[in-house]
Amino acid sequence: MMRAWVWLALGLQLGCGGGVGPRDLDSDGHPAELDCDDANPTVWRSVTAYADTDGDGFGEDGTSVTCVGDTTKGWTQEAGDCAPADPTRWRRVPGLYPDADGDGATGAGPVTGCVGATLAGYLRQAGPPDCDDGDAAVSALVEAWADTDLDGVGAGLAITWCPSRGRAPPKGYVLTSGDCAPGDTRFWRMLPFSHRDEDRDGFTVAREGTVCSGEALPPGYATVSGPEDCDDRYANRTVLVERWPDPDGDGYGDGAPLLLCKGPGESSPRETFRGGDCAPGDGTRWQPLAYASRDADGDGRLSPATGEVCSGFWLPQGYSSEVRQDDCDDADATVFRAWSVHADADGDGVGSGVATSLCGAATVPPGYSTSSTDCAPQDATVWRMLGFTHRDADGDTYTVAQSGELCAGTALPPGYATQALSGLDCDDTNAAAFRDVTAFADTDGDGVGAGASTVLCTGGQVPSPWSATGTDCDAQDATRWQELVAAHADRDGDGFTTPIPQQRLCTGKMLPLPYFLQAVGNDCDDADTGRYQWTMLYRDQDADGVGAAPRQMTCIGASAVAGWSRYGDDSDDSDAAVQTDEAADEELSLILDL
C-alpha cells in the first residue's frame, strides 16, 4: 500500500510523463495497463456486469459494474431483474392472471407478472373474477337491498358490493330481500293463515289467506283453529250459551233452556244463565245442593252422610259437599279423630307391627306412633332402613361399589356411604392398597421400564422393580434408557466438532463421546488434533516470518504451519534479511524532502 502512495506522490510532483516504466501500484499482481483500478488491490479486471443488490443472480438494468475482483460482491453478468430489491422475483412472464391472495379467483388479465422460481401471486388460467385480490376469504360480489325501516329485510332494486375484509353491507342495506312492508319495522314477510279472529276475542272462524307479518302472524290471524266463534263481529259473543226463563228473579230458571249467541254476561230481563230451580216460586231458594258430610253431634266436625237440600247459594251450616271424615264418632262430641297407629315400645317416635285403629282427640295416643317402619323396635338408637351404594371395609376412605340397606339412625354407620369417598378402592381388604397404577418392568434398575404395561394395586406409588414410564431404549443396560439426537462429532478429541448426519443414540443423561447436539467450533480436520481452524496464510519461502502473495486458505491449529505466515507484505521472499522495499523507502524520503 505504501508503494501506491509513493507513485501517487511522484505523479503529483513530476507530472504524468517522466519516463517511468510499467508498474503495479496496488501490488495485486496485475500490471497497471491491464488493471482497471490500479489503486485498489481487490479489483483488477473489467467485465460487463449489473448490480445484484438482492443476491438472486440477476442484475438491475442500467446499473452496470465494470471493475471487479475475486471477492467483489453484489454483481452479476445476468441482467433483466424485474424486482431488484426482492430475491424471490427476477423474471417477467406474460399471459398471467393476478391472484395475490391465493384464493383461485383472479383480477383483470392477462398481464405480464414479475415472478421467481414459481408463479406465486399469479395463475396461468383466469379464475372467477375477484372483487378484492387482497382478501382470500372473499372473491365474488354479493347483492344487498335497501332496508329503510331497519327491520333486517330489504326491498326494491338490489345493489352489488364486495364484502372483503369482513366489511358489512353499505349503511342502510341488508342481505335479505322481500320486505312486504318497507316502511314498518314490525312486518317484513307474507305468512299464510287458515283462521281469523276479527273481533280479537280468542275465538276463530275458518278463513284462508296471507298477510304481511313479522316473526309470527299478527294478532287476529292463526294457522290452527281456536274455539269456534258464533259471531266474529263482537268480542263478547263467542259460543252459543244456554238461557232459562226466571219468573221469580232468583237467578235460576225452570224448564228447558234456549241456545242463544250472547256474551257470558249478556241476558234479557227475566232470563237467567242457569236452570234447575228447585223452588220456582221462591226467590230465596232455587237449587238442590247435595251434601256428602254432616255434623250430627254438633261438635263442629263432619262425618260422611249423603243427601240433598233445596237451598240458596250455599249449603246450610252443618253440611258439606265434600266427604269429610273429621269425626270418627259423630255421636260423641269428646272424640273426633280416627288414628291408625302402631305400637312404639322403645319410645323413639317410630312404631312397628300391625296398625291399630283408635278414635281419640287431637294428638297421637301415648305409646303409639303413626309410623310402622322401626327396623329395631327394642333399640331407640336405630329406627330406619338407609340405603348405601359404596362400601369401605378396610377403613382407608377408598370405596368399592356395593349396594344394600341396613338399620340405622340419623346417618349410615362408618364403612357405608351413598357416594364414592376418596376414590375407588382396588383392594377393599387391605388399607395400604387402594389405587390401580400402570407399571412397566424395570429389569436394569435405571428407573425407566420397558415392554408391556401391568396394572398394580398399590397405595398410589409404583413399587420397585417397576416404573411408571415404559420408554427404556435398552432394558438390559442401566446406563442407557433414553434416545438423544447427535448432530456433531469430535472424533480426534481436540475439543472442536464437525457436522455429521443427524442420528438418534440410546444413551443415559448425555450423549457419549465423540457425539454432541450443538456445534463447538468448526473443525476443519477432525482426524488431526493439531488442526481445527481455517486461516488465510501467505507462503514464507525464506522463513523470515513474513510471506508474500498470493494468500491461501489453510487448515491449521493454534499457530501457522512451517513455511507459511499470517503476514504477506515481504518485498523479497527469497531473502530472509529483506522484508521491506528500500528503494521505495528512499523514494518516499526524497518526496518528503521536496
Side-chain angles (χ1 to χ4, degrees), residues 193-207 217-338 359 361-362:
F193 63 89
S194 60
H195 291 79
R196 189 78 168 89
D197 180 14
E198 187 175 348
D199 55 10
R200 310 288 180 86
D201 59 4
F203 290 77
T204 63
V205 294
R207 188 184 306 167
L217 285 168
Y221 298 86
T223 57
V224 295
S225 174
E228 186 176 355
D229 200 336
C230 65
D231 188 343
D232 201 31
R233 296 169 300 170
Y234 302 99
N236 65 331
R237 295 179 180 177
T238 56
V239 297
L240 295 175
V241 296
E242 294 179 331
R243 295 289 185 266
W244 285 263
D246 182 20
D248 59 5
D250 59 6
Y252 283 80
D254 185 30
L258 302 175
L259 291 177
L260 304 173
C261 187
K262 292 187 176 183
E266 186 179 358
S267 66
S268 300
R270 293 300 175 178
E271 187 178 84
T272 184
F273 308 102
R274 295 174 290 271
D277 195 338
C278 58
D282 185 349
T284 64
R285 296 182 298 127
W286 57 83
Q287 61 180 338
L289 296 181
Y291 60 87
S293 304
R294 62 171 298 186
D295 178 18
D297 58 6
D299 60 3
R301 296 175 177 85
L302 306 179
S303 60
T306 59
E308 283 187 346
V309 59
C310 187
S311 186
F313 289 103
W314 302 283
L315 285 167
Q317 185 72 26
Y319 294 88
S320 174
S321 61
E322 299 178 357
V323 176
R324 300 273 296 275
Q325 188 65 45
D326 300 333
D327 200 336
C328 56
D329 187 350
D330 203 27
D332 185 351
T334 63
V335 292
F336 54 87
R337 184 167 183 178
C359 186

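Of the candidates Y252, W286, W244, W244 is the only one forming a side chain to side chain contact (heavy atoms under 4.5 Å, CB included) with T272.
Under the side-chain contact (heavy atoms from CB on, under 4.5 Å) criterion, Y319 pairs with Y291, R294, L315, P316, not counting sequence neighbours. Residues satisfying the side-chain contact (heavy atoms from CB on, under 4.5 Å) criterion with D248, sequence neighbours excluded, are D246, D250, D277.
Residues E228 and F203 approach most closely at O-CD2, 3.7 Å, considering heavy atoms. A pairwise comparison of heavy atoms in S321 and A292 identifies O-CB, 3.6 Å as the closest pair.
Note that R243 lies outside the cation-pi zone of F273, set by a 6.0 Å cut-off to the ring centre and a 45° limit from the axis.
Side-chain atoms of P304 and Q325, non-hydrogen and from C-beta on, do get closer than 4.5 Å to each other. The shortest distance between side-chain heavy atoms of R301 and R337 does not fall below 4.5 Å. No side-chain heavy atom of R233 sits less than 4.5 Å from a side-chain heavy atom of D199. Using a 4.5 Å heavy-atom threshold, the side chains of D232 and D197 count as touching. Residues D229 and T204 fail the side-chain proximity criterion, which asks for heavy atoms closer than 4.5 Å.
Side-chain N or O atoms of D295 include none that pairs as donor or acceptor with a backbone N or O of G318 at under 3.5 Å. Side-chain atoms of Q287 come within 3.5 Å of backbone N or O of G312 as a donor-acceptor pair. Formation of a donor-acceptor pair under 3.5 Å by the D329 side chain with backbone atoms of V335 is not found in this model.
Among residue pairs with one or both ends in residues 302-312, those qualifying as side chain to side chain donor-acceptor pair (under 3.5 Å) are S303-D330; sequence neighbours excluded.
Atoms CG and CZ, from D201 and R237 in turn, are 12.0 Å apart once rounded to the nearest 0.5 Å. In this structure, the separation between CZ on R207 and NE2 on H195 is 11.0 Å, given to the nearest 0.5 Å. With rounding to the nearest 0.5 Å, the separation of CG in L240 from CG in L258 is 12.0 Å. For the atom pair CZ (R285) and SG (C278), the distance works out to 6.0 Å, reported to the nearest 0.5 Å.
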